[in-house]
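Scroll down for the structure; my scribbles are underneath it.
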There are 2 protein chains.
Amino acid sequence: MTDGVAERSRPRDRILETAQDMFHKHGIKGVGVDAITEAAGTNKMTLYRHFESKDELIVECLRATAAKASRIWDEFEAKHPGDKLAQLHAWVQKASELLSADSRGCDMANAAVELTETDHPARRVIKELKEAQREKLVALCRDAGIGQAELLADTLSLLLEGARVSMQSVGAEGPSAQFVRMAESLIASFRAR
Amino acid sequence: MTDGVAERSRPRDRILETAQDMFHKHGIKGVGVDAITEAAGTNKMTLYRHFESKDELIVECLRATAAKASRIWDEFEAKHPGDKLAQLHAWVQKASELLSADSRGCDMANAAVELTETDHPARRVIKELKEAQREKLVALCRDAGIGQAELLADTLSLLLEGARVSMQSVGAEGPSAQFVRMAESLIASFRAR
DNA sequence: GCTGGAAGTTACAGACCGGTAACACCCTAG
DNA sequence: CTAGGGTGTTACCGGTCTGTAACTTCCAGC
């Protein structure tokens with residue numbers, strides 16, 4: 001009967017997937033565990049058998065989201081093997097697609113905004129994962145032959161981060177609409193140096 | 001005895017000021033009205049005599065924060081009367097000071113992340129106020145004699161927005177540390193065109 | 001077919017949430 | 001002195017939150 005909720009996979013996977021989706025759409029503090037389990041076609045007890053607390057579920061969701069994002073990098077390498085500059089342009093393209101497709105921005109950044117407690121377990125992993133993403137982009141810029149690779153990578157990072165949050169406050173017609181133009185002109189400018 | 005909480009001003013003002021501060025530090029959904037009134041040295045009934053709901057209090061807080069931010073623009077004009085380019089550099093300087101002094105970013109952007117309900121009354125005013133700020137920056141760039149004023153203003157906006165959210169996820173040592181350098185080099189580059 | 005573990009069910013605890021009612025108080029304007 | 005509005009106090013409502021206990025049901029592997 002497969003039920004449609006999540007193709008009748010194991011409860012833990014359904015919970016994780018549903019939680020990711022609901023946290024993304026409604027925010028972490030905007031979703032209760034009851035709502036998650038119901039949407040996942042299971043119940044609260046089962047959730048607490050697999051995750052010791054909501055906080056641990058949050059952390060696991062962030063890790064899963066980061067793992068998905070990490071797979072995108074593999075696509076770049078697959079589509080443009082060895083051509084790091086083409087991969088950088090693909091990164092810009094992919095970022096712009098994410099902006100068009102979804103106005104709720106980056107789950108990790110959003111979580112950092114929502115979870116203000118400085119000792120929240122999720123803060124550790126957010127920082128780790130964001131730093132790992134930064135490393136990847138720096139390496140991509142450097143391998144693309146750009147001199148000030150760190151500076152370009154950081155600038156592109158801030159632009160994208162800003163675009164993703166700007167979409168949530170002013171909407172898609174705001175400054176974020178110019179993201180591709182900004183990013184491409186930046187890359188060109190750094191290459192010319 | 002003045003009590004120290006807010007120098008014994010009127011309850012409404014104390015509530016508004018305290019709520020701004022607590023929303024900023026702990027997030028909107030992370031603070032209850034009881035905590036606000038207690039910190040403001042008053043009680044819940046008094047809050048609900050001045051604000052018809054928590055949502056209205058939120059809106060009023062955002063307006064108050066925007067009004068404060070608006071006063072910063074007056075400083076620019078006062079310190080560099082007529083010199084729009086100097087005012088633009090002052091904007092960069094001020095933005096960098098805000099980044100150093102406070103790691104919780106922009107209240108309006110944070111509110112947009114937290115308040116996911118599309119019909120939330122705060123969403124209207126967030127969009128309005130952000131658009132007003134954008135107008136100001138565009139005008140400043142244009143009056144500073146920059147050709148593609150909108151594009152520069154939007155780019156600077158995204159950079160700052162990104163820096164403010166990046167501080168919350170990766171911290172002050174992340175990409176946001178390079179904000180001034182990025183912004184100044186952007187301005188120089190646009191001026192050269 | 002039996003058994004053992006995973007999953008579902010129901011009910012509940014204890015805390016907190018936004019919001020309200022009823023009433024006592026104080027302080028200032030007349 | 002007095003009247004009245006702003007304020008403080010207490011108690012409460014109904015709902016929601018995370019997390020747990022006790023029990024039943026299902027199903028796969030032997």
Side-chain angles (χ1 to χ4, degrees), chain A residues 1-20 22-23 25-62 111 114-117 119-123, chain B residues 1-20 22-23 25-62 111 114-117 119-123:
Chain A
M1 194 46 97
T2 67
D3 191 35
V5 171
E7 299 302 290
R8 200 43 46 183
S9 50
R10 280 142 99 204
R12 187 181 194 281
D13 299 332
R14 274 181 287 151
I15 290 170
L16 206 51
E17 198 171 336
T18 308
Q20 278 179 74
M22 297 184 74
F23 285 156
K25 283 182 189 153
H26 312 298
I28 291 173
K29 297 206 175 166
V31 177
V33 291
D34 270 319
I36 293 170
T37 54
E38 189 185 346
T42 177
N43 53 31
K44 200 157 44 168
M45 271 315 302
T46 301
L47 187 152
Y48 280 104
R49 284 189 193 107
H50 290 288
F51 306 93
E52 74 173 14
S53 65
K54 185 185 179 182
D55 282 348
E56 189 188 292
L57 175 62
I58 294 167
V59 166
E60 230 55 47
C61 282
L62 290 174
E114 275 198 273
L115 307 174
T116 61
E117 306 96 321
D119 60 343
H120 194 289
R123 299 213 135 259
Chain B
M1 194 48 93
T2 65
D3 192 33
V5 171
E7 298 301 289
R8 202 40 49 180
S9 50
R10 279 141 97 206
R12 188 182 194 280
D13 298 332
R14 274 181 286 149
I15 290 170
L16 206 51
E17 198 171 337
T18 308
Q20 278 180 74
M22 296 185 75
F23 285 156
K25 284 182 188 152
H26 308 114
I28 291 173
K29 296 205 176 167
V31 177
V33 290
D34 271 318
I36 293 171
T37 54
E38 190 185 346
T42 177
N43 53 32
K44 200 158 43 168
M45 269 315 301
T46 301
L47 187 152
Y48 280 103
R49 287 189 191 108
H50 289 287
F51 305 93
E52 74 173 14
S53 66
K54 184 186 180 183
D55 282 348
E56 189 188 292
L57 175 61
I58 293 167
V59 167
E60 230 53 48
C61 282
L62 291 174
E114 276 198 272
L115 307 174
T116 62
E117 306 96 321
D119 59 343
H120 194 289
R123 299 212 134 259

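In this text, all values refer to a predicted model and were calculated from it rather than measured experimentally. Labels below follow one simple rule: chain letters A, B, ... track the order of the sequence lines, proteins then strands, and each chain is numbered from 1.
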Spatial distance of atom CD1 (B/I36) from atom CZ (B/R14) [nearest 0.5 Å]: 14.0 Å
Using whole Å, what does the distance between atom P of nucleotide C/dG18 and atom CD of B/E52 come to? 16 Å
B/D34 has an atom CG; how far is it from atom P of D/dT9, in whole Å? 13 Å
Residue pair A/D55/B/T46 against DNA chain D: nearer the 5' end by closest nucleotide is B/T46
Rounded distance in Å - CG (A/L115) to C1' (D/dT18): 15 Å
Student check: side-chain heavy atoms of A/T37 and A/T18 closer than 4.5 Å: no
Calculate the interatomic distance between B/R49 atom CZ and C/dA22 atom P; express it in whole Å. 13 Å
Is the phosphate of C/dG8 approached by A/T42 (side-chain N or O, under 4.0 Å from OP1 or OP2)? yes
The side chain of A/M45 lies closest to which of these nucleotides: C/dG19, C/dA7, C/dT9? C/dT9
Picking from D/dA22, D/dT18, D/dT10, which would you name as closest to the side chain of A/Y48? D/dT18
Within this structure, what is the CD-to-C1' distance between A/E38 and C/dT9, rounded to whole angstrom? 14 Å
Please state whether the phosphate of C/dA6, meaning OP1 or OP2, lies under 4.0 angstrom from any side-chain nitrogen or oxygen of A/H50. no
Rounded to whole Å, CD1 of A/I28 lies from P of D/dT16 at a distance of 21 Å
B/N43 CG - C/dA21 P separation (whole Å): 16 Å
Indicate, with a heavy-atom threshold strictly under 4.0 Å, whether B/R10 touches base, sugar-phosphate, or nothing. nothing
May I have the distance from B/K29 (atom NZ) to D/dT18 (atom C1'), rounded to whole angstrom? 16 Å
Going by heavy atoms in the side chains, are A/R12 and A/E60 under 4.5 Å from each other? yes
Output yes when a side-chain donor or acceptor of A/K54 lies under 3.5 Å from a complementary backbone atom of A/I28, and no otherwise. yes
Heavy atoms only: give me the nearest B/K44-B/V33 pair and the separation to one decimal. CD-CG2, 3.7 Å
Which residue lies toward the 5' end of DNA chain D, A/K54 or B/K44, if each is placed at its nearest nucleotide? B/K44
